[in-house]
Amino acid sequence: MPPESISTTVVDGLALANEIRKELGEAVGRHVSAGRRAPRLAVMLVGDDPASASYIKGKRRACERIGMDSTEQTLPAAASQEDVIAAVEALNADEGVDGILVQLPLPAGLDANAITGCVDPAKDVDGLHAMNAGRLLLGEPCLTACTPLGIMEILERFEIPLEGADAVVIGRSNIVGKPVSLLLQRANATVTMCHSRTRDLRERCRAADVLVAAVGVPLLVKRDWVKPGAAVIDVGVSVVDGVLTGDVDTAGVDGVARIVTPHRRGVGPMTITMLLRNTLTAYESRIGT
Ligand code: NAP
């Protein structure tokens with residue numbers, strides 16, 4: 001099919017997220033109707049980063065809308081590593097808490113890996129604990145990072161064939177690039193992982209049936225980087241002159257990509273939705289349903 005005849009679908013991640021949140025809300029409602037307490041997510045913020053505070057507000061609102069409880073704990077930016085770990089351990093011990101999320105990034109001087117590593121793996125709804133990351137690698141059931149889960153949900157709901165597909169993931173972070181590569185591999189795609197030292201990045205991207213950009217470099221992926229008919233997932237979020245910008249030139253790939261996620265109302269709402277789903281999963285395994 002010549003590139004100009006491709007009709008590109010711009011994924012409405014918010015609409016998709018709302019559909020899934022409705023299903024999650026119904027599941028929460030069934031638990032509550034059966035006389036059980038609602039699932040509870042505990043979010044911890046260290047410091048007063050306004051972007052983090054706004055993300056947390058969004059998560060709290062998302063919980064409320066599906067009848068899930070949430071608690072928020074704020075520690076001062078000057079909190080020590082020991083203070084933060086003690087607060088995480090208190091949440092681990094709290095029987096009423098099903099999911100724990102430590103909002104990242106943490107203030108300089110705190111060791112994020114050591115702190116997320118203290119979260120009880122059964123409550124690790126961000127999927128960052130080594131136990132969950134290891135289980136993902138081994139193909140065992142686990143709580144998996146939310147953005148990769150959201151990406152896989154988008155690909156599934158848009159019926160993007162993954163079996164035997166060539167997938168290229170740009171970015172190799174623990175929270176997006178690595179886990180999404182493993183999930184794509186599990187779905188029988190052939191995955192190439194790219195990063196800042198990759199040679200011929202454009203050529204590698206041009207070979208992709210599925211292209212995931214999780215970089216943080218504004219408009220890195222341009223029209224001539226995309227194979228006609230590819231599914232393009234833009235994870236990146238950057239601010240350029242006060243304007244939110246993704247890793248993909250969304251307008252540029254129009255007429256070439258089969259689907260593209262926009263940087264607004266794309267992957268972001270799906271990430272929060274998967275956080276809700278992970279919290280429900282953690283709750284259900286704790287109460288044994
Ligand atoms: P990260 O930890 O900073 O990782 C960025 C990755 O991109 C690294 O692997 C880096 O390579 C690679 N990279 C940097 N410059 C590159 C270049 N010019 N060419 C190719 N690769 C390059 O970032 P992250 O946490 O995965 O997040 C990535 C982006 O997604 C950020 O913009 C973040 O804000 C956004 N994000 C969005 C959501 C959402 O829900 N929408 C969720 C999470 C993250 P090296 O490993 O070689 O350094």
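Both counts, for ligands and for their atoms, begin at 1 and track the order of listing. One is the number of the first residue; the rest follow in order along the sequence.
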Among all protein heavy atoms in this structure, tell me which lies nearest to [atom], with the distance rounded to 0.1 Å.
atom: atom 18 (N) of ligand 1; answer: Val217 CG2, 4.1 Å
atom: atom 44 (C) of ligand 1; answer: Val176 CG2, 4.0 Å
atom: atom 24 (P) of ligand 1; answer: Ser173 OG, 3.6 Å
atom: atom 42 (C) of ligand 1; answer: Thr147 OG1, 3.2 Å
atom: atom 36 (N) of ligand 1; answer: Val235 O, 3.6 Å
atom: atom 11 (O) of ligand 1; answer: Ser196 N, 3.2 Å
atom: atom 32 (O) of ligand 1; answer: Val237 N, 2.9 Å
atom: atom 6 (C) of ligand 1; answer: Gly171 CA, 3.6 Å

### Query
Do NZ/NE/NH1/NH2 and the carboxylate oxygens of Asp209 and Lys227 come within less than 4.0 Å?
yes
### Charged N-O contact under 4.0 Å between Asp98 and Arg37
yes
Quick check: does any side chain N or O of [X] sit under 3.5 Å from a backbone N or O of [Y], one acting as donor and the other as acceptor?
X: His129; Y: Gly117; value: yes
X: His263; Y: Leu244; value: yes
X: Thr147; Y: Ala145; value: no
X: Arg206; Y: Asp224; value: yes
X: Lys222; Y: Leu220; value: yes

Atoms in ligand 1 with a heavy atom of [X] nearer than 4.0 Å:
X: Gly216; result: 29 (C), 31 (C), 32 (O)
X: Ile170; result: 20 (C), 21 (N)
X: Gly236; result: 29 (C), 30 (O), 32 (O), 35 (C)
X: Gly268; result: 40 (O), 41 (N)
X: Leu201; result: 19 (N), 20 (C)

### Query
What do you reckon, does Arg172 have a nitrogen or oxygen under 3.5 Å from a nitrogen or oxygen of ligand 1?
yes
### Message
If I apply the N/O under 3.5 Å rule, does Asp247 come out as touching ligand 1?
### Response
no
### Summary
Smallest heavy-atom separation, Val180 atom then Met152 atom, equals CG2-SD, 4.5 Å
### Summary
Here the pair of heavy atoms bringing Ile100 nearest to Val125 is O-CG2, 3.5 Å
Counting only heavy atoms, which portion of [X] has something under 4.0 Å from ligand 1: side chain, backbone, both, or neither?
X: Thr271; value: side chain
X: Val215; value: both
X: Ile175; value: side chain

### Query
Counting only non-hydrogen atoms of the protein, does one fall under 4.0 Å from atom 27 (O) of ligand 1?
no
Are more than 12 heavy atoms, taken from residues, nucleotides or ligands other than [X], located less than 6.0 Å from that residue's [atom1] atom?
X: Asp48; atom1: CG; result: no
X: Glu159; atom1: CD; result: no
X: Arg264; atom1: CZ; result: no

Would you check whether [X] reaches within less than 4.0 Å of ligand 1, judged by its heavy atoms?
X: Thr198; answer: no
X: Ala214; answer: yes
X: Gly177; answer: no

#### Entry: Asn278 and Thr281 side chains, donor-acceptor separation under 3.5 Å
no
